[in-house]
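Chain letters run A, B, ... following the sequence lines, proteins first, then strands; residues in each count from 1.
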Amino acid sequence: MRHIISILIENESGALSRVSGLFSARAFNIESLTVAPTEDPSLSRMTIVSIGSDDVIEQITKQLNKLIDVVKVVDLSEAAHIERELMLVKVRATGKDREEMKRVADIFRGRIIDVTESTYVIELTGAGSKLDAFLEAIDTSLILETVRTGVCGIGRGDRILKV
Amino acid sequence: MQLTGAEIVIRCLQEEKVEHVFGYPGGSVLFIYDELFKQDQVKHILVRHEQAAVHAADAYSRSSNKTGVCMVTSGPGVTNAVTGIATAYMDSIPLVVISGQVPTAYIGQDAFQECDTVGITRPCVKHNFLVKDVKDLAVTIKKAFYLAKTGRPGPVLVDVPKDVTVQKCEFSYPKTISMRSYNPVVKGHAGQIKKAVQLLLDAKRPMIYTGGGVILSDAAEKLTKLVRMLGFPVTQTLMGLGGYPATDRQFLGMLGMHGTVEANMAMQECDVLLAIGARFDDRVIGNPSHFSEVARKIVHIDIDPSSISKRVRVDVPIVGNVPEVLDELIRQLEAAEARPDEKHLAAWWKKIDEWRGRNCLRFKQGKEKIMPQYVVQTLYEVTGGDAFVTSDVGQHQMWAAQYYKFDKPRRWINSGGLGTMGVGLPYAMGVRFANPKATVACITGEASIQMCIQELSTAKQFRLPIKIVNLNNRYLGMVRQWQEMFHGNRYAESYVDALPDFVKLAESYGHVGMRIDKPADVEPAIREAFTKHKNDLVFMDFITDQTANVYPMVAAGKGLSEMILAEDL
Ligand SMILES: Cc1ncc(C[n+]2csc(CCOP(=O)(O)OP(=O)(O)O)c2C)c(N)n1
């Protein structure tokens, strides 16, 4: 099963390597990992997407909790939550493709944030599956470059991850 | 008052009441050594290799429950120390390692004797720190001692760049530490303990299995009380020996790969298992799916939640420090009206005594060749079972665990988790510094002892009267045993050729050496070592039977009840 694990961690140098080192040392899988400081600059928030059986996910959360710098860990996928990912796609946009590309971007609520005579950069946010769907909807031969942030997530309603 | 970083390091050690630091100097720690020189509260033990410094500090802690401290220089000093740190980490031993680092401005420039110490040690420490500002130094060292000793203990490393040891700041040592990210659980959940009590009282075939956690948390007395109250059988892991008196009838011996028939069978066939401070590792329960074929309820007490339900699903997890949990368990048992069912328990003991009747540790000592088991047994008798015994890794380690009966905790010092050859001699040194009057024996093999043999020099300098019992079979014995059993007798690279004359070697360091090659000489030699040469380091080189194997044996990947026994059993 796919799980989204959110971590609050002391914003110390080397914090990221402690987490990524744990995953590689124990052969846990990482689909994506995002990290940035929170509104409290002494804390960073990480979102890790991992795939594993319940036993493995239980070990992952226990091992993360064991890291000295980790303040809190929650498995967002245990309850209602929202996940988002940002993608930037640079596409070739010439001739009749120019109009078509804009149309598809609009359908996916993408925004064109850079324009040249022959290219667009399209910004898209959404769940990972929506970003995948966009890439499938356009002509792949027109894709020049893509970059994705990986998933970040937050619990719905009263579920709050805070110190 | 303004102090330099180097002064602060020493002041912190003094504040922590550290008496001994094991270490080796070098460029990046020169200012710290300079401050060591100017005082005499903290004594420095100069080893001959940094690996040994860490092992000695590790055994210092194992044998006393104090935190071990060591100091090494940057680069090669650190890389040499890594084996020691990893060894301590695998057995959860509280250590503080202070390492020198190149000056902060040089970090990342491939400076002379630079290495990424925090990166290299990260996977084998409980935590580590790089101190970039002298203002953080005292609080970081305080944190290191706090982290090493609380929760599940472990080694903590503090990397101190050379310029930080020169910078000055106001010194004040924090009295307490609180970290929002680190709050180990101490007390067990009373409701869970209640469930455990119920299971224990309802058990028909109960079993208690304990590990290093009982030793580390100083819970041996409480465990003994609990085991006697319940009247249940108890077994221990290699790391747990001494947690319950080995000479007591309720003790079934060690379990696991080289466990006794009675311990392994009772472990396999019990219906309720109480696991305390142990982690169901592969050398202990063998194949986990074979182990789980028998339905049983498991109660698991451990301070580390990640040790629970890691390899085996547990029914009643209890997270907490073992002594606190045992107190509550004993309290609830005393308050309960019910008692364990005597009829079922008697039947269970009858079965256990049948297994015990197999006498699986039996061996024959003939007139010609010295059997290694006999040497350990004789050592046990001559020392009245009261020595601190360290060992290296291999067959001799297993024989030591099987034939030296430990009635007290912290007497059996060996590398269980990492299985590091070379620990035996530095371990014996550390034990002796922590217990200055103790009788200390090091049971080793001719291969292991050579991995830290240089420490004979340290032992001479500090007049450590260690008794080295070298079970010399001219083989990497444990490797040879596996090759005999699982690789068609192809003894690839397991013959130990070109051995030194250990008697002369010991003598050249200024110690006493003995070679013993006849069974009849074993006891007199050991007696002589412990009486006439009481105050000397004695290297006893026992030329032993080369074909002896360690039995019983559960082959890797097999189930606990699928033991291979000695041929005539
Ligand atoms: C540092 C290290 N290298 C290799 C091993 C693998 N190993 C385990 S036991 C053993 C043989 C030990 O031989 P010896 O010290 O003579 O003891 P014996 O088994 O003969 O009693 C070896 C090589 C190890 N445990 N540690």
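- The environment of CZ in A:Arg159 is crowded: more than 12 heavy-atom neighbours from other residues, nucleotides or ligands sit within 6.0 Å.
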Problem - side-chain contact (heavy atoms from CB on, under 4.5 Å) between B:His127 and A:Asp69, intermediate numbers included - result: CA-CA 9 Å; B:His127 199 59; A:Asp69 282 340; 3.7 Å; yes

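- Between atom NZ of residue A:Lys66 and atom OH of residue B:Tyr182 there is a gap of 11.0 Å, rounded to the nearest 0.5 Å.
- Contacts between A:Ser13 and chain B at a heavy-atom distance below 4.5 Å involve the side chain alone, from C-beta outward.
- Panel note: side chain B:Ser306, backbone A:Gln63; no donor-acceptor pair is recorded below 3.5 Å.
- For NZ of B:Lys149, the number of neighbouring non-hydrogen atoms (other residues, nucleotides, ligands) closer than 6.0 Å is greater than 12.
- Under a 3.5 Å cut-off, the side chain of B:Lys310 and the backbone N or O of A:Asp55 do not form any donor-acceptor pair.
- Within a 6.0 Å sphere centred on CZ of A:Arg92, heavy atoms belonging to other residues, nucleotides or ligands number 12 at most.
- Interface remark: of the candidates A:Ser42, A:Gly21, A:Gly14, A:Ser42 forms the most heavy-atom pairs closer than 4.5 Å to chain B.
- Put simply, NZ on B:Lys143 and CD1 on A:Ile68 are 10.5 Å apart, with the number rounded to the nearest 0.5 Å.
- For A:Lys102, the NZ atom sits in a loose shell: 12 or fewer heavy atoms of surrounding residues, nucleotides or ligands are nearer than 6.0 Å.
- Scanning both residues, A:Glu58 and B:Ser309, for their nearest heavy atoms gives OE2-CB, 3.9 Å.
- Looking at heavy atoms from C-beta onward, A:Lys62 lies in side-chain contact with B:Ile308 at the 4.5 angstrom threshold.
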Problem - Test side-chain contact (heavy atoms from CB on, under 4.5 Å) applied to B:Arg180 and A:Leu43, step by step - result: CA-CA 11 Å; B:Arg180 63 179 170 185; A:Leu43 282 174; 3.5 Å; yes

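- Pairing each heavy atom of A:Val71 with each of B:Ser181, the nearest pair is CG2-CB, 3.7 Å.
- Shown here is A:Phe108, whose CZ atom has more than 12 heavy atoms of other residues, nucleotides or ligands within 6.0 Å.
- Of the two parts of A:Val163, only the side chain, counted from C-beta on, holds a non-hydrogen atom closer than 4.5 Å to a non-hydrogen atom of chain B.
- Annotation for B:Lys142: atom NZ counts as buried by contact number, over 12 foreign heavy atoms lying within 6.0 Å.
- In this structure, no portion of B:Asn183 lies under 4.5 Å from any heavy atom of chain A.
- For the pair B:Lys126 and A:Leu67, the minimum side-chain heavy-atom distance is 4.5 Å or more.
- Heavy-atom neighbours of A:Leu88 CG from other residues, nucleotides or ligands within 6.0 Å: above the threshold of 12.
- Contact annotation for A:Ser24: neither backbone nor side-chain heavy atoms come within less than 4.5 Å of a heavy atom of chain B.
- Remark: B:Lys162 NZ is packed, more than 12 non-hydrogen atoms of other residues, nucleotides or ligands lying under 6.0 Å away.
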